Each structure stands twice: as C-alpha cells, then as structure tokens.
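So the structure is just underneath, and the comments pick up after that.
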Amino acid sequence: MKKCLIVSNTDKKKSLSLATEIQLFLKDCNIRVSVVEFCGINKPLCLDKIDFIITLGGDGTVLYAARKCSKYDIPVFPVNLGEFGFIAGIQPDCWEKRLRNFLEGKEILTRRALLNGSISRADQTLISYEAMNDIVISSRDVARIVSLNVKAGAICFGQFKADGIIVCTPTGSTAYSAAAGGPIVDPRLDALILNPLSAFSLSNRPLVLPPEEILSIIVLPSRSTEVVVSWDGQEHYNVEAGDIITIKKSSQSIRLAGCGIDTFYTALRSKLHWSGGPHA
C-alpha cells in the first residue's frame with residue numbers, strides 16, 4: 001500500500017490531532033497521505049491511486065467515505081470518535097496496533113452490502129446513488145403524511161400512507177430503522193428491510209425481504225406535501241407525484257476493517273444496555 005486518504009470529521013475535537021499522529025506513523029511506513037476534512041457536507045472525494053481510506057469520526061463519516069469509494073473497492077479503516085460505533089469499530093486508544101496489523105494483512109476485512117436507489121420520471125432516470133445504511137422517502141416538512149404505492153417485484157403491497165418509508169440494509173438496521181421500531185438484523189444476513197414510518201394504518205408493519213427483491217415505489221399525489229428521498233441522510237433529492245423510486249441491493253459493496261460480528265454485538269450490549277436482567 002502506497003497512498004492513504006484520511007477523512008477527518010471536523011466536529012470531533014480529537015480528529016485533527018489524531019490525523020497528524022496517523023500521518024507521522026504512515027510516513028514512517030513510506031505511505032503517502034492526504035487529508036480531507038468532513039463537516040457533514042457531501043462533497044466529492046479525489047480517490048486517484050488511493051489504496052485505503054482512514055475515517056476519523058463516527059458512523060456518519062464512514063457512510064460518507066463508503067459511498068464515495070465503493071465502486072473502486074477501496075477498503076476503509078474506521079476509527080471511532082462518535083457515540084455508537086456500530087460501523088466505526090476501531091477505538092482511538094488502539095488505532096496504531098490495529099493499523100499496523102491492517103498494513104501487514106493481519107486485520108480481517110468485513111464486506112458489507114449497499115443499496116442502490118434510483119429515481120425515474122417519464123421513463124427517464126434522473127439520479128442514482130448508493131447507500132450503506134438506508135434510503136428514506138419522506139415529507140420535507142415535519143408531521144406531514146405522504147402517499148406511496150409500493151411493489152416488490154410483481155407483488156403489490158398497496159398504498160402506504162405514512163410519514164415515510166425506510167428501506168435499509170442489515171448494517172442500517174441499527175440506525176434510523178431501529179429508532180422507528182424496525183428489527184435489528186445481524187449484518188451477516190443478506191436481506192432488505194422495509195419499514196414504514198408512523199403509518200396511518202396499523203396493518204403496515206416492517207418487512208424483511210430477500211436480497212434479490214426489487215422495490216418500486218410510486219409517489220402518489222399528496223396535499224401540500226413536498227416529498228424527498230435521502231441516501232444515508234446525506235444525499236437528498238426532491239421528487240414529484242408520478243416519480244418512481246427503485247430500490248435494490250447494489251452490485252457494489254464495501255470492505256471495512258474492525259467491523260466483525262463481535263464488534264456489532266459488543267456495540268449492541270454497550271450502547272443499548274443489554275443486561276439480561278430486569279435492570280437494563
């Protein structure tokens with residue numbers, strides 16, 4: 001490995017000083033380093049001849065880097081400076097040992113699935129993005145119901161009247177979908193999760209679907225409601241009545257260091273306070 005890109009989240013106080021430490025370490029390993037500051041704004045990354053990416057931040061920083069580098073199959077080494085760390089599984093107090101193992105090929109890389117979401121209007125594709133966590137269709141305004149017709153392949157699920165719909169990967173099942181009452185899915189499983197947001201009908205429940213399923217969601221007319229589609233909460237696009245959002249498992253995926261199944265369940269125990277008893 002000859003060239004590294006560090007993505008440093010400027011909202012995290014320790015990120016800039018840690019970026020400097022890692023730069024010095026990699027310089028001693030004869031690896032060239034460039035640093036990009038991430039402040040929540042979704043801007044392009046220059047990935048020319050980059051061999052690996054180090055993210056310094058929380059899960060949101062990993063999502064940003066993952067979407068940008070997935071089509072190049074560039075591995076990501078995520079150092080957790082955030083709160084949850086379901087994806088960013090390498091703690092800042094052991095980055096040097098883990099990074100040395102990574103450079104020596106001793107760090108296990110986990111491959112995680114992505115979603116592809118595209119929007120078409122009058123048989124013309126307007127936009128297409130990848131998402132690692134989720135794709136959300138919702139009203140731009142708070143507490144406004146949207147109307148969506150949902151199909152999975154040739155099967156019509158019917159009309160959903162809700163605050164919106166979340167479609168997520170198993171990786172994203174611990175994020176917005178979990179907060180909205182969706183199931184937590186082991187990331188080793190291959191599946192899509194469809195989760196209505198505050199549905200008008202109690203019959204609309206979360207569904208776990210096979211990975212080959214292709215969802216077609218038609219935006220129906222809604223009274224004075226603007227509808228927006230978001231990818232990982234970072235890419236956004238306004239849609240109109242009649243637009244079709246197609247969501248499926250992406251042909252791309254992402255390789256992550258320090259994101260094994262033990263990290264996932266450790267995060268569940270510590271962040272969700274699993275205790276196995278009455279005092280959780």
Side-chain angles (χ1 to χ4, degrees), residues 1-12 14-15 18-19 21-23 25-26 29 31-40 42-82 84-92 94-116 129-134 169-172 174-175 187-188 231-235 250-264 267:
M1 294 186 178
K2 298 180 180 179
K3 192 173 181 181
C4 169
L5 175 68
I6 296 177
V7 179
S8 176
N9 189 321
T10 55
D11 288 337
K12 310 300 180 184
K14 194 176 180 180
S15 64
L18 187 55
E21 290 181 45
I22 294 175
Q23 276 184 285
F25 172 83
L26 291 175
C29 298
I31 295 174
R32 290 178 294 152
V33 182
S34 55
V35 179
V36 171
E37 294 184 356
F38 174 60
C39 59
N42 189 50
K43 58 185 180 181
L45 286 178
C46 181
L47 298 172
D48 184 43
K49 298 181 180 179
I50 295 295
D51 295 301
F52 65 103
I53 293 176
I54 297 175
T55 61
L56 305 178
D59 288 347
T61 311
V62 183
L63 296 175
Y64 165 68
R67 286 197 320 279
K68 302 301 181 185
C69 74
S70 60
K71 66 179 178 180
Y72 306 105
D73 200 30
I74 299 172
V76 176
F77 183 92
V79 180
N80 182 37
L81 301 179
F84 284 98
F86 282 107
I87 310 173
I90 296 171
Q91 300 308 312
C94 62
W95 69 262
E96 185 171 342
K97 178 182 177 182
R98 300 291 294 271
L99 184 54
R100 193 180 300 278
N101 287 342
F102 173 77
L103 296 175
E104 294 174 356
K106 298 177 182 177
E107 184 75 34
I108 295 174
L109 297 181
T110 303
R111 193 172 286 277
R112 293 289 181 93
L114 304 179
L115 294 175
N116 173 268
Y129 288 125
E130 313 302 316
M132 186 175 176
N133 260 2
D134 51 41
T169 62
T171 298
T174 56
R188 292 172 296 183
W231 291 257
D232 287 338
Q234 296 178 352
E235 305 268 10
S250 174
S251 60
Q252 301 172 19
S253 59
I254 187 70
R255 289 185 293 154
L256 294 172
C259 202
I261 198 62
D262 55 334
T263 301
F264 173 78

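The first residue of the sequence shown is numbered 1, and numbering continues consecutively from there. Atoms considered below: every heavy atom in the structure, side chains included; atoms not considered: hydrogens, waters and symmetry mates. All of these numbers come straight from a predicted model, not from anything done at the bench.
Inspection of the N42 and Q234 side chains reveals no N or O donor paired with an N or O acceptor under 3.5 Å. Looking only at atom types and distance, the side chain of S250 has a donor-acceptor partner in the side chain of E130 under 3.5 Å away.
Atoms CD1 and SG, on I50 and C4 in that order, are 7.0 Å from each other to the nearest 0.5 Å. With rounding to the nearest 0.5 angstrom, the NZ atom of K106 is 13.5 Å from the CZ atom of R98. Distance SG/C29 to CD/E104: 8.5 Å, rounded to 0.5 Å. Once rounded to the nearest 0.5 Å, the distance linking CG of L99 with CZ of F52 reads 6.0 Å. Note that the SG atom of C259 and the CD atom of E107 stand 10.5 Å from one another [nearest 0.5 Å]. Here the CG-OG distance, from N116 to S251, works out to 7.5 Å after rounding to the nearest 0.5 Å.
Taking both residues in full, the closest heavy atoms of A175 and D134 are given as CB-OD2, 4.5 Å, listed atom of the first, atom of the second, then distance. What you find for P78 and A257 is that their closest heavy atoms are CD-O, 3.1 Å. Closest approach of P187 to P170, counting heavy atoms only: CA-CB, 3.7 Å. When all heavy atoms of F38 and G60 are compared, the closest pair comes out as CE2-O, 4.2 Å. In this structure, C69 and L47 approach most closely via the heavy-atom pair CA-CD1, 3.7 Å. Scanning both residues, Q252 and K71, for their nearest heavy atoms gives OE1-N, 3.4 Å.
Between T174 and F264, the closest side-chain pair of non-hydrogen atoms falls below 4.5 Å. Side-chain contact between V62 and I254: absent, with no pair of heavy atoms (C-beta onward) separated by less than 4.5 Å. Between V36 and K43 the shortest side-chain heavy-atom distance falls below 4.5 Å. The shortest distance between side-chain heavy atoms of L45 and R67 does not fall below 4.5 Å. Counting heavy atoms from C-beta outward, T110 and T263 have side chains that stay 4.5 Å or more apart. Residues F102 and P75 form a side-chain contact, since some pair of their non-hydrogen atoms from C-beta on lies under 4.5 Å apart.
Between the side chain of D232 and the main chain of N133, a donor-acceptor pair closer than 3.5 Å is present. Judged purely by atom type and a 3.5 angstrom limit, T169 uses its side chain to pair as donor or acceptor with the backbone of M132. A donor-acceptor pair under 3.5 Å links the side-chain atoms of D59 to the main chain of I87, judged by distance alone. The main-chain N or O of N9 is found under 3.5 Å from a side-chain atom of S15 such that the two form a donor-acceptor pair. When atom types are taken as modelled, the side chain of Y72 and the backbone of D48 share no donor-acceptor pair closer than 3.5 angstrom.
No more than 12 heavy atoms of other residues, nucleotides or ligands lie within 6.0 Å of CD1 in I108, so this atom counts as exposed by the packing criterion.
A salt bridge does not link D51 with R32: every distance from a Lys NZ or Arg NE/NH1/NH2 to an Asp or Glu carboxylate oxygen is 4.0 Å or more.
Aromatic ring pairs are classed by plane angle as parallel below 30°, tilted from 30° to 60° and perpendicular above 60°; the pair Y129 and W231 is perpendicular. Ring pair W95/F25 is perpendicular by interplanar angle, where above 60° counts as perpendicular and below 30° as parallel.
Exactly one of T10, N80, I22 qualifies for a side chain to side chain contact (heavy atoms under 4.5 Å, CB included) with L56. That residue is I22.
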- request: Take I74 and V76 through the side chain to side chain contact (heavy atoms under 4.5 Å, CB included) test and state the conclusion after the steps.
  value: CA-CA 7 Å; I74 299 172; V76 176; 5.9 Å; no
query: Checking side chain to side chain contact (heavy atoms under 4.5 Å, CB included) for the pair L81/T61: CA distance, chi angles, key distance, verdict?
result: CA-CA 10 Å; L81 301 179; T61 311; over 6 Å; no
